[in-house]
Asks: 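Please see the structure below; I have some questions.
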Amino acid sequence: VKNRLLTLLFLLFWIECFYAQPDSTDLKLFESFGTDFTWGAACAAYQVEGAWDLDGKGLSVWDDFTHHRGKIKTKENGDQGTDFYHRYNEDILLAKQLGMDAFRFSISWSRIFPEGAGKINPEGVAFYHRVLDACKTAGIEPWVTLYHWDLPLTLEKEGGWANREIIQAFEAFVRFCAEEYGTKVKHWMVMNEPAAFVGLGYLAGIHAPGKISIRKFLKATHHVCLSLAEGGRTLKELLPQAMVGTTFSCSTIQSIRGSSRNNKAVKRMDALLNRLYIEPSLGMGYPSDDLPALKRLKRYMLPGDSAKLAFSFDFIGLQNYFRVLVRANRLIPVVGATRIRPEKLGLPVNEMGFEVYPEGMLSILRQFSKYPIDNFYITENGVCVNDQLTDNAVHDKERIQFFRDYLSHVSQAKKEGIPINGYFVWSLTDNFEWNEGFRPRFGLVHVDYSTMKRTIKDSGWWFKALLTD
Ligand code: BGC
């Protein structure tokens, strides 16, 4: 019996290992993207850096938010992050080891300008030089996001994105970064997912700065859209050779029972989640015909603003995780629709309750391909699963399957002629998942938060095999 058990265990072990090995279908899938395609892995300052008050860094809204009781599900905070501040070199080398061409990270505004504007923190400035130099030494291309949600707290105290003066402060921050790092960075992203940080931060109140106000939401929306275009213009003016982009979240929106009320709810949700921040930058204005609550945006517009909203980005980063199912609900402000929780319908979800719906990637890419944009990147896509670290390994076969499925839909979109030129995994390492704390793990690399030890998961080995062999 003992021998049989041992043989069985041995077989199971081999099946596990074999599963993480790419097969010929995986090889074909990766080949279908061609050799000019950029493969990368991403992270963001607040989620990984730690060193929240070290070396002259000022506080950000997230430093403040996470220190308030009841805001973070696990009562954790990003004070230590994954200690990227000290371990950036190891992480960059890991990204390289996995075969990535590019490493996407963000700059913490309050590390450079501790008070949001004015006084500069030389140690913060030096830190990003070290990160960029490490990328160069490792032979990996840095892709820099200028704003991934960590607004300097001093600026939030003056109203944050709801105060029009922020446009100037943001422009000065962008200008500084372009002048300081311009020779080392070719790819820039002005902002990460405005729909998320404005919607969750100023309307739903579940992300920093935790506001629940339609007025603040609308004002912040307008100032973010103006800042986005202004940031793009500044980068292009100072760095005409650079590739200047920005990233938007996007999700396929559907109703489960198509009635005229539900169809209208789908349109409203689509305007809110998919169209609100990209269309002004394309010169199309706000989608207020389909989402009447946006008509109130006019109150905050000054003469000349309509033209200022437009900027022609060199590329658009799209970030897709899940599908959104809705039904009409008049009681919900602004959007008049409720999201239906996929688990209630028995649909597959990840550890955060996001529906795993690979077909949604293709349909949202088809939707965005109707815009006059000729250069897309998937700047984030990934999944959190209940990873277990055993014997120095993480057998995350669900994550491998997730990438197989989502990537095959990206490949299909590319075959249909949609100009997608790269794909970034979210995320390189496990990290602090905002109001969810450290529990959801998205990384290709596992992080043990008590020792900060990094361990490449099977999904990481899978990418490595496909990208380097
Ligand atoms: C954000 C990331 C986040 C990820 C997973 C994206 O919306 O840009 O910061 O960790 O989703 O939730």
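Whatever order the structure lists ligands and atoms in, that order sets their numbers, starting from 1.
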Asks: Could you check atom 9 (O) of ligand 1 against the protein and tell me its nearest heavy-atom contact, residue, atom and distance included?
Replies: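 Scanning the protein heavy atoms, the shortest distance from atom 9 (O) of ligand 1 goes to Gln47 OE1, 2.8 Å.
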
Asks: Using the ring of Tyr357 (Phe, Tyr or Trp, six-membered ring only), decide whether Arg323 places NZ or CZ under 6.0 Å from its centre and within 45 degrees of its axis.
Replies: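 Satisfied, under 6.0 Å and within 45°.
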
Asks: Of all the atoms in ligand 1, which lie at a distance below 4.0 Å from a heavy atom belonging to Tyr321?
Replies: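 By the 4.0 Å cutoff, the relevant atoms are 4 (C), 5 (C), 6 (C), 11 (O).
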
Asks: What heavy-atom pair brings Glu279 and Pro287 nearest, and what distance separates the two atoms?
Replies: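 The pair with the smallest heavy-atom distance is OE1-CB, 3.9 Å.
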
Asks: Could you tell me if any non-hydrogen atom of His148 lies under 4.0 Å from any atom of ligand 1?
Replies: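 So His148 counts as touching ligand 1.
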
Asks: For ligand 1, which atoms sit closer than 4.0 Å to a heavy atom of Trp434?
Replies: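 Atoms satisfying the 4.0 Å criterion: 2 (C), 3 (C), 9 (O), 10 (O).
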
Asks: Return the closest protein heavy atom for atom 6 (C) of ligand 1 as residue, atom name and distance.
Replies: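 Result: Glu380 OE1, 3.0 Å.
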
Asks: Please list, one pair per line, the donor and acceptor atoms closer than 3.5 Å that link side chains of residues 335-348 to other protein atoms, with sequence neighbours excluded.
Replies:
residue	atom	partner	partner atom	Å
Thr338	OG1	Asn329	ND2	2.7
Arg341	NE	Glu343	OE2	3.3
Arg341	NH2	Glu343	OE2	3.0

Asks: Identify, by atom number and element, the atoms of ligand 1 in contact range of Glu193, meaning under 4.0 Å from any of its heavy atoms.
Replies: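 Per the distance check, 6 (C), 7 (O), 8 (O).
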
Asks: Looking only at heavy atoms, is any part of Asn431 under 4.0 Å from ligand 1, and if so is it the side chain, the backbone, or both, or is it neither?
Replies: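 Answer for Asn431: neither.
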
Asks: Locate the shortest heavy-atom distance separating Trp461 from Ile456; write the atom from each residue and the value.
Replies: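 Looking at all heavy atoms of both residues, the shortest contact is NE1-O, 3.4 Å.
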
Asks: Please name all residues satisfying ring pair (Phe, Tyr, Trp, His ring centres under 6.0 Å) with Tyr277, sequence neighbours left out, ordered by chain then number.
Replies: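 Ring pair (Phe, Tyr, Trp, His ring centres under 6.0 Å) list for Tyr277, sorted by chain: empty.
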
Asks: Looking at Arg111 and Asp55, does any basic side-chain N land under 4.0 Å from a carboxylate oxygen?
Replies: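 A salt bridge is absent here (no side-chain N lies under 4.0 Å from a carboxylate O).
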
Asks: Pull out every atom of ligand 1 sitting under 4.0 Å from any heavy atom of Glu433, numbered as shown with elements.
Replies: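 Heavy-atom distances to Glu433 below 4.0 Å select 3 (C), 5 (C), 10 (O), 12 (O).
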
